[in-house]
Amino acid sequence: MGRLVVVSNRVPAPRDRLQPAGGLAVALRAALKEGSCLWFGWSGQQVSEKEGHDPEVSLDKVENVTYATIDLTHAEYDGFYQKYSNGILWPLCHYRAGLMDYDRKDRVIYQNVNELFARKLLPLLQPGDQIWIHDYHLFPLGQALRDLGVTAPIGFFLHIPFPPWSLMRALPEADALLRAMQAYDVIGLQTEDDARNMNDGFSIVGVKARAEVFPIGIDPDSFAKQAEEGLSNPDVQRLKESLRGKPFIIGVDRLDYSKGLPERLKGYEIFLERYPEHRGKVVYLQVTPVSRGNVPEYRALRRELDEAAGRINGTYGDFDWTPIRYLTHPVPRALLASFYRLADAALVTPLRDGMNLVAKEYVAAQDKANPGVLILSHFAGAAPDMEAALMVNPHDADDIADALHKALTMPDGERRARWDHLEPDVWRVTALTWARDFIQALGKARLA
Ligand code: ADQ
């Protein structure tokens with residue numbers, strides 16, 4: 001079997017290469033174990049502009065994986081990553097066209113960086129390679145590689161939602177973007193809705209390409225083990241002692257407007273207002289590390305959340321009780337897993353989300369004899385397979401408030417029955433099945 005060549009915007013930092021810390025690295029770990037692999041992408045470093053910038057590829061081999069990275073200039077980082085990827089494509093794909101900050105010059109930088117990736121990857125390719133490109137930063141990379149004569153099988157997986165064409169066409173170059181997708185042998189999306197939206201787009205612009213569904217999952221066995229074993233960790237004990245037997249609610253999200261955080265805090269505020277019996281008697285921990293802090297919408301969101309958490313704590317708090325423990329820094333994954341296990345309820349209420357792995361992690365972390373309740377948005381990609389959760393409309397704060405009350409007063413039998421329904425899917429669709437199915441499809445596509 002030839003090599004698997006993975007291309008993503010970010011490549012795991014050297015310190016995470018032996019023990020992947022999260023996201024894509026964890027999901028791909030199983031796939032990368034087999035055979036020899038190349039992982040290509042941005043180093044995470046920005047360098048000053050020089051005439052005719054031509055970055056060197058830096059290579060680092062760890063076990064069977066060679067990591068190949070390039071630096072970007074400040075201007076490339078700004079136009080390609082901050083502005084076009086995160087300021088235009090991200091909001092649009094999350095159905096928030098109104099938040100797009102569109103400027104043609106960023107589109108040019110985005111295209112140029114994709115072409116730069118293609119030029120730098122080309123000399124590293126070998127006969128027999130299969131190339132797997134990840135996410136919205138790199139939509140046109142397949143076409144850029146084909147333009148350089150690459151004939152290897154190339155697949156593309158989109159981790160985030162894909163909107164209906166009526167929305168997508170708000171992007172002036174939506175047509176060109178879809179046309180460029182013809183370069184791919186396999187196109188994978190998270191859900192049926194996303195695949196249908198993309199396929200509708202293809203047929204409207206007259207493109208012969210086909211999106212299919214490859215839902216992503218987690219590594220449930222190792223997560224469950226981590227959750228259980230971590231209970232003896234002194235920091236987990238410290239959290240447990242601080243709860244003093246009170247029901248514990250958890251929320252874990254990157255600070256992002258797709259995650260429905262202001263709406264969630266409003267739901268919690270209404271919960272305290274309408275169900276006063278819970279005041280002083282619950283603990284809510286919201287872990288929300290700041291991400292993309294240089295994009296204006298994210299700065300505004302941070303202010304809005306700081307204000308809401310402060311208002312709720314000021315209004316409902318007491319000298320011996322804080323309604324929300326609100327953290328804007330990350331918590332190590334090993335601790336998080338056990339925090340989930342301690343939690344009686346988890347709030348996963350995105351306005352729109354590709355999949356949402358936190359929902360699956362929460363289920364995997366539970367003690368099956370005494371599981372907590374997952375409160376889940378209809379608009380998470382995970383929703384169709386997790387309908388035994390307490391499903392909510394994240395725009396409706398009263399719905400969130402009612403779900404919280406229901407979760408905290410739910411009879412044991414119902415909690416267990418709901419978890420029993422959720423568990424099989426979390427173990428059936430995993431990171432491993434996702435990677436294996438996609439790579440198999442890529443292998444077959446070329447034979448067809
Ligand atoms: P994300 O938007 O990052 O990913 P999600 O899938 O929920 O969203 O989380 C990714 C990982 O980060 C999870 O493993 C989670 O535990 C971890 N994480 C989140 N918040 C954390 C925190 N506060 N501290 C520590 N770790 C934290 C994108 C898409 C998703 C899609 C994934 C995978 O937006 O919809 O599910 O890719 O395809």
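Both counts, for ligands and for their atoms, begin at 1 and track the order of listing. These figures come from a predicted structure and were not determined experimentally. Numbers here simply count residues along the sequence, with the first being 1. All heavy atoms count here, side chains included; hydrogens, waters and symmetry mates do not.
- Residue Pro289 has at least one heavy-atom neighbour below 4.0 Å for each of these atoms of ligand 1: 22 (C), 23 (N).
- Each of the atoms 13 (C), 14 (O), 15 (C), 16 (O) of ligand 1 lies under 4.0 Å from some heavy atom of Glu361.
- Heavy atoms of Phe223 come nearer than 4.0 angstrom to ligand 1 in no pair at all.
- No heavy atom of Gly381 sits closer than 4.0 Å to any atom of ligand 1.
- Asp253 and Gln286 share a donor-acceptor pair across their side chains, judged by distance under 3.5 Å alone.
- Between Arg333 and ligand 1, at least one pair of N/O atoms sits closer than 3.5 Å.
- Every atom of ligand 1 with a heavy atom of Trp90 under 4.0 Å away is listed here by number and element: 34 (O).
- When each atom of ligand 1 is checked for a heavy atom of Val358 under 4.0 Å away, the hits are 7 (O), 15 (C).
- The shortest N or O to N or O distance between Thr288 and ligand 1 is not below 3.5 Å.
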* To do: Under the side chain to side chain donor-acceptor pair (under 3.5 Å) rule, what do Trp39 and Ser8 come out as? Steps first, then yes or no, please.
  => CA-CA 8 Å; Trp39 191 334; Ser8 59; 2.9 Å; yes
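- Taking a cut-off of under 4.0 Å to the non-hydrogen atoms of Val331, the atoms of ligand 1 that pass are 24 (N), 25 (C).
- Judged by distance alone, the side chains of Asp71 and Tyr77 never bring a donor and an acceptor atom under 3.5 Å apart.
- At a cut-off of 3.5 Å, with distance as the only test, no side-chain donor of Ser43 or Arg10 sits close to an acceptor on the other residue.
- Counting heavy atoms only, His159 comes closest to atom 29 (C) of ligand 1 of the residues Arg352, His159, His134.
- The part of Lys259 lying near ligand 1 is the side chain, judged by heavy-atom distances below 4.0 Å.
- For Phe157, no heavy-atom contact with ligand 1 is shorter than 4.0 Å.
- Contacts with ligand 1 closer than 4.0 Å are made by no heavy atom of Asp256, backbone or side chain.
- A ring-ring contact (aromatic ring centres under 6.0 Å, His included) with Phe157 holds for exactly one of Trp434, Phe214, Phe139; it is Trp434.
- When each atom of ligand 1 is checked for a heavy atom of Asp253 under 4.0 Å away, the hits are 20 (N).
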Show me the donor-acceptor pairs, under 3.5 Å and distance only, between side chains in residues 374-388 and residues at least two apart or in other chains.
unit_1	atom_1	unit_2	atom_2	d
Ser377	OG	Pro350	O	2.7
Ser377	OG	Phe379	N	2.8

* For the pair Asp425 and Lys360, evaluate salt bridge (charged side-chain N to carboxylate O under 4.0 Å, His left out) and give the outcome as yes or no after the intermediate values. => CA-CA 9 Å; Asp425 268 312; Lys360 299 192 176 196; over 6 Å; no
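- The environment of CD in Glu228 is sparse: at most 12 heavy-atom neighbours from other residues, nucleotides or ligands sit within 6.0 Å.
- Looking only at atom types and distance, the side chain of Asn370 has a donor-acceptor partner in the side chain of Arg415 under 3.5 Å away.
- At a 3.5 angstrom cut-off on N or O pairs, Pro330 does not count as close to ligand 1.
- Considering backbone and side-chain atoms alike, Leu357 places an N or O below 3.5 Å from some N or O of ligand 1.
- Under 3.5 Å, the side chains of Ser258 and Arg352 contain no donor-acceptor pair of N or O atoms.
- Considering both main-chain and side-chain atoms, Ile160 never comes within under 3.5 Å of ligand 1 through any nitrogen or oxygen pair.
- Between Tyr362 and Tyr340, the ring planes lie perpendicular to each other; the angle is over 60°, past the 30° to 60° tilted range.
- For ligand 1, the polar-atom distance check against His94 finds no nitrogen or oxygen pair separated by under 3.5 Å.
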